[in-house]
Amino acid sequence: MLDIECFSFLNRALESDLSPLVIMASNRGMARIRGTKFRSPHGLPMDLLDRVLIVSTKPYEVEDVEEIVKIRCQEEDVQLTPEALSVLTSMAQQTTLRYALNLIACGRVVARKRKSEQVDVEDLRRAYAYFMDEKRSVQWLKEQAGSLVFEEVGGERMDDEMMDTR
């Protein structure tokens, strides 16, 4: 998203006494530097590219995700059944790791309600039903298009009188 003028500013900032730490993410490969007709790796000017440290990233493996879930459970003092650990691990790969980790605390609340010390698959199912991940939330909004309170009705915005009837 940065153009040649931004890169020029960054180069000057990196040369100052109080040089900032700049972190950028890119998946562009060989791309045109915006504002020019030149192509370079990641769309970065060569003089800036010479100064950067490139850190390659890759998605987590299944074992890594499972270990992260276990560590989070230890930190939150939550006991998961082996089946629940497996479900959370696969859920983290299908949705997001953040969503799966947030379900740990929700699952604990559901398990405590049924007076259990261990979070089971059924507890995670209930928590999953209560809280949506990003993809399900977007899908729900698409399904509800036109029926939400602050959306336009018949081409006109709802007036305050109509909204007060709830």
Side-chain angles (χ1 to χ4, degrees), residues 1-3 6-7 10 14 20-34 39-46 48-153 157-158 163 166:
M1 299 300 289
L2 302 177
D3 64 4
C6 293
F7 290 129
L10 281 174
L14 292 172
L21 178 63
V22 178
I23 299 174
M24 293 185 277
S26 171
N27 62 355
R28 294 183 66 200
M30 286 296 288
R32 184 178 62 80
I33 303 168
R34 291 196 165 110
R39 293 174 56 83
S40 72
H42 308 292
L44 294 175
M46 293 308 266
L48 184 61
L49 195 59
D50 289 338
R51 297 176 173 197
V52 300
L53 172 66
I54 297 176
V55 179
S56 179
T57 60
K58 61 182 171 105
Y60 288 124
E61 299 292 327
V62 176
E63 298 81 20
D64 298 332
V65 172
E66 186 173 313
E67 189 61 30
I68 291 168
V69 171
K70 286 179 183 176
I71 291 169
R72 182 64 174 259
C73 286
Q74 288 172 350
E75 290 297 317
E76 292 189 19
D77 199 26
V78 174
Q79 294 178 359
L80 288 178
T81 62
E83 297 82 19
L85 177 62
S86 175
V87 166
L88 270 180
T89 301
S90 66
M91 197 177 295
Q93 292 181 308
Q94 293 170 7
T95 60
T96 63
L97 181 59
R98 176 176 289 157
Y99 176 73
L101 294 178
N102 284 331
L103 282 184
I104 294 171
C106 299
R108 178 178 52 188
V109 170
V110 173
R112 282 190 178 160
K113 186 173 181 181
R114 64 178 183 85
K115 299 189 179 11
S116 174
E117 289 299 316
Q118 280 193 324
V119 176
D120 198 6
V121 175
E122 192 55 39
D123 302 322
L124 294 176
R125 274 198 190 108
R126 290 194 69 183
Y128 181 81
Y130 293 148
F131 301 100
M132 291 186 189
D133 60 282
E134 178 187 5
K135 289 177 187 171
R136 288 191 303 149
S137 175
V138 168
Q139 181 62 36
W140 182 83
L141 284 173
K142 286 179 181 176
E143 291 169 2
Q144 300 300 318
S147 64
L148 298 176
V149 173
F150 294 106
E151 292 187 17
E152 294 182 357
V153 177
R157 300 286 294 171
M158 294 177 71
M163 285 192 265
R166 48 184 161 112

Residues Val62, Gln93; criterion side-chain contact (heavy atoms from CB on, under 4.5 Å); working and verdict
CA-CA 8 Å; Val62 176; Gln93 292 181 308; 3.0 Å; yes

Check against side-chain contact (heavy atoms from CB on, under 4.5 Å), Arg34 and Leu2
CA-CA 7 Å; Arg34 291 196 165 110; Leu2 302 177; over 6 Å; no

Assess the residue pair Tyr128 and Val87 against the criterion (side-chain contact (heavy atoms from CB on, under 4.5 Å)); give the C-alpha distance rounded to whole Å, side-chain angles, the decisive distance to 0.1 Å, and a yes or no.
CA-CA 11 Å; Tyr128 181 81; Val87 166; over 6 Å; no

Full working for side-chain contact (heavy atoms from CB on, under 4.5 Å) between Thr81 and Val119:
CA-CA 6 Å; Thr81 62; Val119 176; over 6 Å; no

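Counting all heavy atoms, side chain and backbone alike, Gly43 lies closest to Phe7 at O-CE1, 3.6 Å. Scanning all heavy atoms of the two residues, the minimum distance from Val69 to Leu88 falls at CG1-CD1, 4.0 Å. When every heavy atom of Phe131 is checked against every heavy atom of Cys106, the shortest pair comes out as CE1-SG, 3.5 Å. Here the closest heavy-atom approach between residue Ser26 and residue Arg28 is recorded as OG-N, 3.2 Å.
Summarising the geometry, atom OG belonging to Ser137 is positioned 11.0 Å from atom NZ belonging to Lys142; distances are rounded to the nearest 0.5 Å. For the atom pair OG (Ser86) and CG (Leu80), the distance works out to 11.0 Å, reported to the nearest 0.5 Å. Between the NE2 atom of His42 and the CG atom of Asn27 there is a distance of 9.5 Å, given to the nearest 0.5 Å.
More than 12 heavy atoms of other shown residues, nucleotides or ligands fall within 6.0 angstrom of atom CE in Met30. Within a 6.0 Å radius of CD in Glu76, more than 12 heavy atoms belonging to other residues, nucleotides or ligands are found. Counted within 6.0 Å of CD on Glu117, heavy atoms from surrounding residues, nucleotides or ligands total 12 or fewer; the atom is thus considered open. The local environment of CG in Asp50 is crowded, with over 12 non-hydrogen atoms from other residues, nucleotides or ligands closer than 6.0 Å. Applying the 6.0 Å contact sphere to CZ of Arg136 captures more than 12 heavy atoms from other residues, nucleotides or ligands.
Residues Lys135 and Gln139 have side chains not in contact (no heavy-atom distance under 4.5 Å, counting atoms from C-beta outward). Between Tyr60 and Glu67 there is no side-chain heavy-atom pair separated by less than 4.5 Å. Within the 4.5 Å cutoff, the side chain of Arg114 has heavy atoms near those of the Asp120 side chain. At least one side-chain heavy atom of Arg51 sits less than 4.5 Å from a side-chain heavy atom of Leu14. No side-chain heavy atom of Ile33 sits under 4.5 Å from any side-chain heavy atom of Asp3. Counting heavy atoms from C-beta on, the side chains of Met24 and Leu48 come closer than 4.5 Å. Counting only heavy atoms from C-beta outward, the side chains of Leu10 and Val22 approach each other to under 4.5 Å. Side-chain atoms of Leu85 and Glu66, non-hydrogen and from C-beta on, do get closer than 4.5 Å to each other.
Using a cut-off of 4.0 Å between Lys/Arg side-chain N and Asp/Glu carboxylate O, Glu122 and Arg125 are scored as salt-bridged. The pair Asp123-Arg126 does not meet the salt-bridge criterion, since no charged nitrogen lies less than 4.0 angstrom from a carboxylate oxygen.
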